[in-house]
Amino acid sequence: MAAIPLDFLDRIRELERQVRELAGRSQIRPAMDQVSKGYVRIGEGGAFGVFSPEGKQILGVGHWENGEYGLSMKRQDGSPAMSIRNGTDDKMPQPVRLFDPKGNEIWADDVKSGGIAAPYIALLPPQNTDVASWPKTDSTSFTQIAVSYNSMWQPKMRLFLHTLADDGTAGEVRVLVDGQVWGPAVRAGQNFDFTGFVGHGPESQIEISVEARRTKGTGHIYAQPKMLYGCRT
């Protein structure tokens, strides 16, 4: 009987090793804590939830008991933070709501007409149209003739002023925010219409001051705010 070549036995041993390796790999399950490609689809009335160790739901996405599909986010202690759902009428467009830790709604969009539903934002009240009653000065140096204090929520602000001067009189009007000149000085008789940053973070309290001075003549320089609002970048 002819002897089996040693290199042939080596090949058999190598094949056996490869078979054992493949068999072992077939028993290894892939990691279940990540999705490398594609997306996770939850359908058929399903929902996705994240819960704290104490059993409090922090995140809920999907189907709700009233039949709608929505989203709810809560803080670690279980207090509400944000939701995109109705909770009352599944036929209404779903509002986006933000809540404070006590559950008070502090922001919501108006799903019927667009824009903001809450909070209410103060508007400039109607102003006196009698120029004689407008804030005024006959000083030859910049003098404060009007001031207000406001809570800012946006990074920028727009202010529109009407300015006037008595006959034969000339002057300038400018605006200060917290004591710093904000926008250009305008010649009395021109409108001051400026939009710019106020340099403060949300909920900052700012002082808006209108100053005027006379540069010619003996009459008065007038300024009356007509529009004021915060705006985005």
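This one's a predicted model, so the numbers in the text were calculated from it and none came from an experiment.
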Run M82 and L71 through side chain to side chain contact (heavy atoms under 4.5 Å, CB included) and show every step you take. CA-CA 8 Å; M82 188 189 83; L71 177 147; 3.6 Å; yes
Filter on ring pair (Phe, Tyr, Trp, His ring centres under 6.0 Å), then keep only pairs touching residues 165-192, sequence neighbours left out; what's left? W182-F194
Here the pair of heavy atoms bringing S72 nearest to K74 is OG-CE, 4.1 Å
Any idea which heavy atoms bring A212 and V173 closest together, and the distance? CB-CG2, 4.0 Å
Taking G189's backbone N and O only, do any of them form a donor-acceptor pair with T163's side chain (distance below 3.5 Å, no angle check)?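 Yes, the answer is positive, given that a donor and an acceptor are paired below the 3.5 Å cut-off.
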Is there a donor-acceptor pair under 3.5 Å between the side chain of N191 and the backbone N or O of D193?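 Not confirmed, N191 side chain does not pair with D193 backbone.
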Tell me whether [Y] is reachable from [X] by hopping between hydrophobic residues (I, L, V, M, F, W, Y) whose side-chain heavy atoms are closer than 4.5 Å.
X    : Y    : answer
V210 : F142 : no
F197 : V181 : no
M152 : I121 : no
I42  : L59  : yes

Are side-chain heavy atoms of [X] and [Y] found at a separation under 4.5 Å?
X    : Y    : value
V177 : M157 : yes
N150 : E207 : no
S83  : F99  : yes
Q144 : L176 : no
I221 : D138 : no
V175 : L159 : yes
P101 : R75  : yes
H220 : R214 : no

Other ILVMFWY residues reachable from V131 by side-chain steps of under 4.5 Å: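 Its cluster partners, ordered by chain and number, are W134, L164, Y222.
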Show which side-chain atoms of residues 108-116 pair as donor or acceptor with protein atoms under 3.5 Å away, not counting sequence neighbours.
residue : atom : partner : partner atom : Å
D109    : OD1  : V96     : N            : 2.8
D110    : OD1  : K112    : N            : 3.0
D110    : OD1  : S113    : N            : 3.0

Listed partners of Y69 passing ring-ring contact (aromatic ring centres under 6.0 Å, His included), at least two apart: H63
Who are the ring-ring contact (aromatic ring centres under 6.0 Å, His included) partners of F160, not counting sequence neighbours? H162
Sequence neighbours excluded, every pair satisfying salt bridge (charged side-chain N to carboxylate O under 4.0 Å, His left out) that has a member inside residues 54-67: none
Return each pair, listed once, that meets salt bridge (charged side-chain N to carboxylate O under 4.0 Å, His left out) where at least one residue sits in residues 171-184; pairs must be two or more places apart or across chains. E172-R213, R174-E211
Across all chains, not counting sequence neighbours, the side-chain hydrogen bond (donor to acceptor under 3.5 Å, both in side chains) partners of Y39 are none
Just to verify, what does W153 make a side-chain hydrogen bond (donor to acceptor under 3.5 Å, both in side chains) with, not counting sequence neighbours? S151
Please name all residues satisfying salt bridge (Lys or Arg N to Asp or Glu O under 4.0 Å) with R17, sequence neighbours left out, ordered by chain then number. E14, E21
Residues in salt bridge (Lys or Arg N to Asp or Glu O under 4.0 Å) with E105, at least two apart?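 Partners of E105 under the salt bridge (Lys or Arg N to Asp or Glu O under 4.0 Å) test: R97.
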OG on S148 to CD1 on I206, rounded to 0.5 Å: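 Here the rounded value is 7.5 Å.
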Would the number of heavy atoms belonging to other residues, nucleotides or ligands and lying under 6.0 Å from CD of Q18 be above 12? yes
With a 3.5 Å cut-off and sequence neighbours excluded, list the donor-acceptor pairs that the side chains of residues 224-233 form with protein atoms.
residue : atom : partner : partner atom : Å
Q224    : NE2  : N128    : O            : 3.4
Y229    : OH   : R158    : NH1          : 3.1

Go through the steps to decide whether T215 and T140 satisfy the test side chain to side chain contact (heavy atoms under 4.5 Å, CB included), and finish with yes or no. CA-CA 6 Å; T215 58; T140 57; over 6 Å; no
